[in-house]
Every structure is written in C-alpha cells, then in structure tokens.
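These numbers were taken from a predicted model, which means no experiment stands behind them. FYI, side chains are in, hydrogens and waters are out, and symmetry mates aren't considered; it's all heavy atoms of this structure.
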Amino acid sequence: MNTIKSYFPGLLLASCVALISKGIALIFPSLGAATFAILIGIFLGNTFFKSSIYANGTKFSESNLLAYSIVLLGGTITFQTISLLGGHGLLFIMLQMTGTIFAAIYLGRKLAFSQNIRLLMASGNAVCGSSAIASTAPVIDANEEDRGLTITIVNLMGTVLMLILPLISLFLYQQDTLKSSALIGGVLQSVGQVVASGSMVNPEILAMATIFKIVRILFLVVVVYAFGRYKQKSTTSIQKQSPKKMVKIPWYVIGFFIVCFFRSIGFIPEFASSLMHSISSWFEIIALAGIGLRLNFSHLLKQGNRLIVYGLTLGTVQVLLAMALILLLF
C-alpha cells in the first residue's frame, strides 16, 4: 500500500501537466500537446517540483505509461495499410528510413555523441519519435538520461519541421496530394505532428500523410531488433571475451505487433480502435510530461548546442533526402 502511495504524487503531477498541455494545445493546435508537456515538465521539474517525493510517480509515468501507449498504438493500425501506398510509396519509406538512420549515426559520430544517443536519435527520427526511442533504449542498454535528452530534442525539432513542411509542400508541390503527403508523412517523427502538419494543408493530404506515417511505424519491430543486434556486435567486438547474448525485444514492442495483428484480422472493432488511440495519446502525453519533469536542465544546457546542431542538421538531411526521393519516385 505504501509503495502504491509513493507513486501517487508524481503520477498526479505528470497527469496535471498533461492536462494543462492538452488545454494549451486547444489554443495552439499547430504546436501539439507533446511539445508543451515536455517544456512545462522541464520547467516545473527544475524549479518548483524538485522534491524526491515525485520521483517514483514520474518514473512510472515515463517508463510504464509510455510502454502501455506503444502497445495500444498497435490497435490503431493494420498491415493492410501498406497496400494503400503501392510499390513506389513503400520503396520511398524504406529508402527514407534507411537514409535517416545512416545520417543520424554518421552525424552523431562527427559530433562526438555516444553510440547510444546516435542509435536513439536514429530510431526516433526514422520511425516514430518518443515511442521508437522508448522501444530502442532497453535493447541497447541506454540510460534514462540519454533517453530523456533524445526524446526532448526529437520532439522539439519535430515541432519546428511540423510548421515548416506545409510551406515547403506548398512552394515545391503546389499541394500535390501524393508528393506533399510523402514529404510530411515520411519526415515527421510522431503521428500527432503528422496530423497537425497535414491539417494545415488539406484533408486529402492529412489522410495520405497519416498512411505514410503509419507504414513507418510498422517497421518499429524491425528497427528495434536491428539496433539490438548492431549494439551487441559492436560491444562484443570491443569485449571479445563476453558471451554472445540473444537480443531481447521489449515486451511492449511484441505487444504492439500482436495487437496490430489482431487489428489487421478484424478482431479489434473500429470503436475499440478509436478508444485505444485516445488512451494511447493520453498515456504518451503523461509520459512526456514525466520525462520533462525528470530531465536535468543543467545537463541539457551542457549538451544543448551540440544537441541542437545535431537535431537541426539531421532534420535538414531528412527533408533534403525526402525531396530527392520524391523527385525520383513520384
């Protein structure tokens, strides 16, 4: 009972931050609740709510709720979505994701970031932002600080791109549905950012961009497993005496895949899928609030300039790569 009580203050605080963020997002819908949740969390966690009484609850919010959010996300998409894009659309996504991963690893190495941060940035930008980072972190043995820093920078840079991409699509593609959707859905990190950005253009682009984004999410299990193997090989090459271990996929990534399968075969009805989407969204915002509340701002400032350069450069590469692939494939 005492253990349960220890979670309550931090969980309540993270939930309040999420609720406030959702409210502010109604006034500024283009920015989204995720960005506000992280920023408000960072401010409060480093000023008024530094007490250790909140630690258990914010950690539960950061870890457990984000895991539940990932599982529920599986109930909102189907494998059949892939067929809606056709061969060129699928090829675009695979090349875009591959290019983003290699760019993230290369740029991170040039900027002298650790391997874990490089891999977390690669998964977050290539797949689905916070959810991908949370799924990758345990597989590569990333610590809480690395996860918090990368989630913060990926969300902040994603917000910047969310506002810029509709303008680029208007200028380059005159709101052509397929090309604009590929740009928005192929670059932005989170589903919420894709929805917000697509909404700034028109309903057709919103719908198609969301499909591009959902297909990227379907590759989550593949990316997590590949990064686990990559980290394992790089570690054993340094410590040749270490026994080879099996890559353990986090339970919530497996859960995501299973729930997605049930949704694909029609076992999960539409109303249940909508409910799962809503709950998943709330869990994610509360989790992001928890991440902000636990993030050490002084450490963020120490890494700040390099992280911002990393995020901006990687985002620029993603946009340029998407533009080149759209020119070649569509």
For the pair Phe330 and Phe212, name the ring-plane relationship: parallel under 30°, tilted 30 to 60°, perpendicular over 60°. perpendicular
If we only count heavy atoms from C-beta on, is the Asn116 to Thr150 side-chain gap below 4.5 Å? no
Provide the closest heavy-atom pair for Val17 versus Ala289 in the form atom of the first, atom of the second, distance. CG1-CB, 3.6 Å
Backbone of Gly148 reached by a side-chain donor or acceptor of Thr152 within 3.5 Å: yes
Sub-3.5 Å donor-acceptor pair from the side chain of Lys213 to the main-chain atoms of Gln189, do we have one? yes
Indicate the atoms forming the closest heavy-atom contact of Cys128 with Leu220, along with that distance. SG-CD1, 4.3 Å
Is there a donor-acceptor pair closer than 3.5 Å between any side-chain N or O of Ser180 and the backbone N or O of Thr177? no
Test item: Arg216 side-chain N/O and Met97 main-chain N/O as donor-acceptor pair under 3.5 Å: no
Side chains of Ile268 and Met276: closer than 4.5 Å at any heavy-atom pair? yes
Do Gln96 and Val187 have side chains that approach each other closer than 4.5 Å (heavy atoms only, starting at C-beta)? yes
Hydrophobic clusters here meaning ILVMFWY residues chained together by side-chain heavy-atom distances under 4.5 Å, can you tell me if Ile308 and Ile117 are in one? yes
So, Gln318 side chain and Asn125 main chain: donor-acceptor pair closer than 3.5 Å or not? yes
What is the distance from atom CG of Leu329 to atom NE2 of His88, rounded to the nearest 0.5 Å? 6.5 Å
So does Ala37 get a backbone contact from the side chain of Ser21, meaning a donor-acceptor N/O pair under 3.5 Å? yes
With heavy-atom distances below 4.5 Å as the criterion, would you say the side chains of Lys179 and Leu172 are in contact? no
Of all the heavy-atom pairs spanning Pro138 and Ala134, show the shortest one and how long it is. CD-O, 3.2 Å
How long is the gap from CG on Asn56 to OG on Ser6, to the nearest 0.5 Å? 4.0 Å
Do Phe92 and Leu85 have side-chain heavy atoms sitting under 4.5 Å apart? no
Would you check if Leu95 and Leu328 make a side-chain contact, meaning some heavy-atom pair closer than 4.5 Å? no
Quick one: does any side-chain atom of Arg263 pair with a main-chain N or O of Thr78 as donor and acceptor, under 3.5 Å? no
Would you call the rings of Phe262 and Phe267 parallel, tilted or perpendicular if under 30° counts as parallel and over 60° as perpendicular? tilted
Is there side-chain contact between Ile217 and Phe256, with heavy atoms separated by less than 4.5 Å? yes
Heavy-atom nearest pair, Leu72 first then Ser280, reads CB-CB, 3.7 Å
May I ask you to decide if His277's main-chain N or O and Ser281's side chain share a donor-acceptor pair within less than 3.5 Å? no
Of all the heavy-atom pairs spanning Ile286 and Ser15, show the shortest one and how long it is. CD1-OG, 3.9 Å
Between Tyr310 and Phe113, how do the two ring planes meet: parallel, tilted or perpendicular, split at 30° and 60°? parallel
May I ask you to check whether Thr76 and Ser273 show a side-chain donor-acceptor distance below 3.5 Å? no
Inter-residue atom distance Leu13.CG - Leu293.CG, 0.5 Å rounding: 4.5 Å
Looking at Arg118, is its backbone amide N or carbonyl O close enough to the side chain of Arg109 to form a donor-acceptor pair, meaning the two atoms are under 3.5 Å apart? no
Begin from the C-alpha positions of Cys16 and Leu12 and carry the test side chain to side chain contact (heavy atoms under 4.5 Å, CB included) through to its verdict. CA-CA 6 Å; Cys16 288; Leu12 178 62; 4.1 Å; yes
Within the 4.5 Å heavy-atom criterion, are Leu275 and Phe271 side-chain neighbours or not? no
Can you tell me if Phe219 has over 12 outside heavy atoms packed within less than 6.0 Å of its CZ? yes
Please tell me whether Thr136 and Lys231 have a donor and an acceptor in their side chains that are separated by less than 3.5 angstrom. no
To the nearest 0.5 Å, atom OH of Tyr230 lies from atom CD1 of Ile101 at 11.5 Å
In short, Leu314 meets Thr100 closest at the heavy-atom pair CD1-O, 4.0 Å
Has the side chain of Ser197 got a donor or acceptor atom that lies under 3.5 Å from a matching backbone atom of Val194? no
Apply the side-chain contact (heavy atoms from CB on, under 4.5 Å) test between Val71 and each candidate in Val259, Ile258, Ile254; give the one that qualifies. Val259
